[in-house]
Amino acid sequence: MTNRDVELLAIGAGPSNLALAVAVEELGPPDLARNMLILERNPDVSWQPGLLLPWARSQVSFLKDLVTPRNPRSRFSFLNYLHSVGRLDAFINMGSFTPYRVEISDYFGWVARSLGQVRLELGRDCVAVEPCRDRAGTLTGWLTRLADGSTVTSRYLVIGAGRDPYLPPALAGLPAHRVVHSTRYRAGVAGLSGELPYRVAVLGSAQSAAEMVHALQQDLPNSDIAWIMRSITLRAYEANNKFTNELYYPSFIDAFFEARPEGRAQIMAEMHRTNYSGIAPGLLEDLYTDFYLDRLHGRDRKRIIGMTDLTGARAVADEIALELTDRRTGAVSELRRDLVFLGTGFVREMPALVRGLAAGLGLDAVSVGRRYRLDPAGPATAACYLQGVNEATHGIADSLLSVLASRAGEITRDILAHRAAPVGTGARPAGHATPAGRAQPAGHAAPLTADSGLA
Ligand SMILES: Cc1cc2nc3c(=O)[nH]c(=O)nc-3n(C[C@H](O)[C@H](O)[C@H](O)COP(=O)(O)OP(=O)(O)OC[C@H]3O[C@@H](n4cnc5c(N)ncnc54)[C@H](O)[C@@H]3O)c2cc1C
């Protein structure tokens, strides 16, 4: 089993950590950038690959790319990407602020390939993170365990691994090839025959469910689709309100962070309909057209089953039997399906990786400061930052592209200040104490420049 040591380890090569890599290269001294490693579990850099559908568009302006709100002169901008791949004229001529998701995804891959100093390794699944302490109990680093059995130690750790998919408890333990979360949609339909008349259920009434229903009509055109949802029918989210869109500015994070609990609750409740529980107006229009044309041509291949709860499920031979409860009448019925697609979103709590880390630190709850640094509740010369999972404290834009360029700048500056702070107790010149308290060699990493007592 091998161990490597780096100064800054970033888990996940999604937009959050790619923006961080660029910020470290642009704002930090070269020794930090050269000593930063990103680990990504997928075999390539791609944006939300499960729903990377050919017609799907980004919901935010291309100007909210990985860098422009922080540094409009950066060479890592979306416009420079378009120029580099020869599509700038065509994009300008399209006259749209919202690119296709596939071109944003390709842009992220281009950024990853264009990094000059930060290293990125693909196919590296991080399965656990543990705190490292010295004999005095000071937190001195992090030990990240990979699925291949190797480990990486680091003084700084940034977790930008997205959120965990939500699987309704009723569906736990059912075969993964029949119960497919939206994060696996493309892989889930890839091996299926487009000719067969599958009986399909789609659960949920928001954007990911809507995208799957729209896509299924092309991917499995002979399928029968039962679209099951708690709400009575579909509705659009509020996409075109420029007043509420101002609340997605990076500058609104301070106002949200400083708000008292009742204030945060009101803001989240009022902002909910701008991002959740609804469908992009254009897609809603397209779906209605799909339903209209079905009726016009006498096809009965999909229907909405509203006000319905999934209250049970079991695998029966080659089928999934869904137990459905009508919220109006309480009547219980059974629906047999070959495939169940889940547009059920993401777990609201911290991802399992972060919860495991918190348990290792002895924390009951995870809390980060304004600059996204985890509070380890004790003396520390190391620091861990969480990206994209702080909606409760940093507001509704936290999981979106809107803020991640400026957030990457804030985290980078915080790391630079932390690393420049005076050496505190428990400092070690190189290497990290292991979870058991033994010193480990620093490996190929450059010596740490400073330790501090900052928590
Ligand atoms: C279908 C879909 C469409 C969306 N569209 C938009 C949009 O138009 N505009 C917008 O602003 N937001 C959109 N979002 C929100 C989305 O969360 C953000 O755009 C953005 O992807 C968040 O970036 P991230 O880097 O924090 O997380 P992610 O994009 O989820 O990236 C996390 C990365 O970490 C990797 N990873 C996870 N766990 C591990 C591990 N244990 N070890 C190693 N690597 C790991 C993943 O493979 C992934 O590459 C969309 C979300 C979805 C699901």
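As the structure lists them, so they are numbered: ligands from 1, and atoms in each ligand from 1. Values below: all heavy atoms of this structure, side chains included; hydrogens, waters and symmetry mates excluded. Because the structure is predicted, anything quoted here is derived from the model rather than measured.
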Short N-O contact, R337 and D224, less than 4.0 angstrom: yes
Carboxylate-amine/guanidinium proximity below 4.0 Å for R199 and D338: yes
Enumerate, one pair per line, all nitrogen or oxygen atoms of ligand 1 lying under 3.5 Å from a protein nitrogen or oxygen, stating the separation to 0.1 Å; write 'none' if no such pair exists.
residue, atom, partner, partner atom, Å
ligand 1, 8 (O), Q59, N, 2.6
ligand 1, 11 (O), L401, N, 2.7
ligand 1, 17 (O), S399, O, 2.9
ligand 1, 19 (O), W47, NE1, 3.3
ligand 1, 21 (O), W47, NE1, 2.9
ligand 1, 21 (O), Q48, NE2, 3.1
ligand 1, 25 (O), P15, N, 3.2
ligand 1, 25 (O), S16, N, 2.9
ligand 1, 25 (O), S16, OG, 3.3
ligand 1, 26 (O), S16, OG, 2.7
ligand 1, 29 (O), Q48, NE2, 3.4
ligand 1, 41 (N), D125, OD1, 3.4
ligand 1, 41 (N), C126, O, 2.8
ligand 1, 42 (N), C126, N, 3.0
ligand 1, 44 (N), R41, N, 3.1
ligand 1, 47 (O), E40, OE2, 2.7
ligand 1, 47 (O), N42, ND2, 3.3
ligand 1, 49 (O), E40, OE1, 2.6
ligand 1, 49 (O), E40, OE2, 3.2

Ring-face cation contact, F291 with R303, 6.0 Å cut, 45° max: no
Considering residues at least two apart in sequence or located in another chain, which fulfil the salt bridge (charged side-chain N to carboxylate O under 4.0 Å, His left out) criterion with D106? none
In chain order, what residues pass the side-chain hydrogen bond (donor to acceptor under 3.5 Å, both in side chains) check against R124, with sequence neighbours excluded? E121, D148
Can you list everything that forms a side-chain hydrogen bond (donor to acceptor under 3.5 Å, both in side chains) with R75? Sequence neighbours excluded, please. none
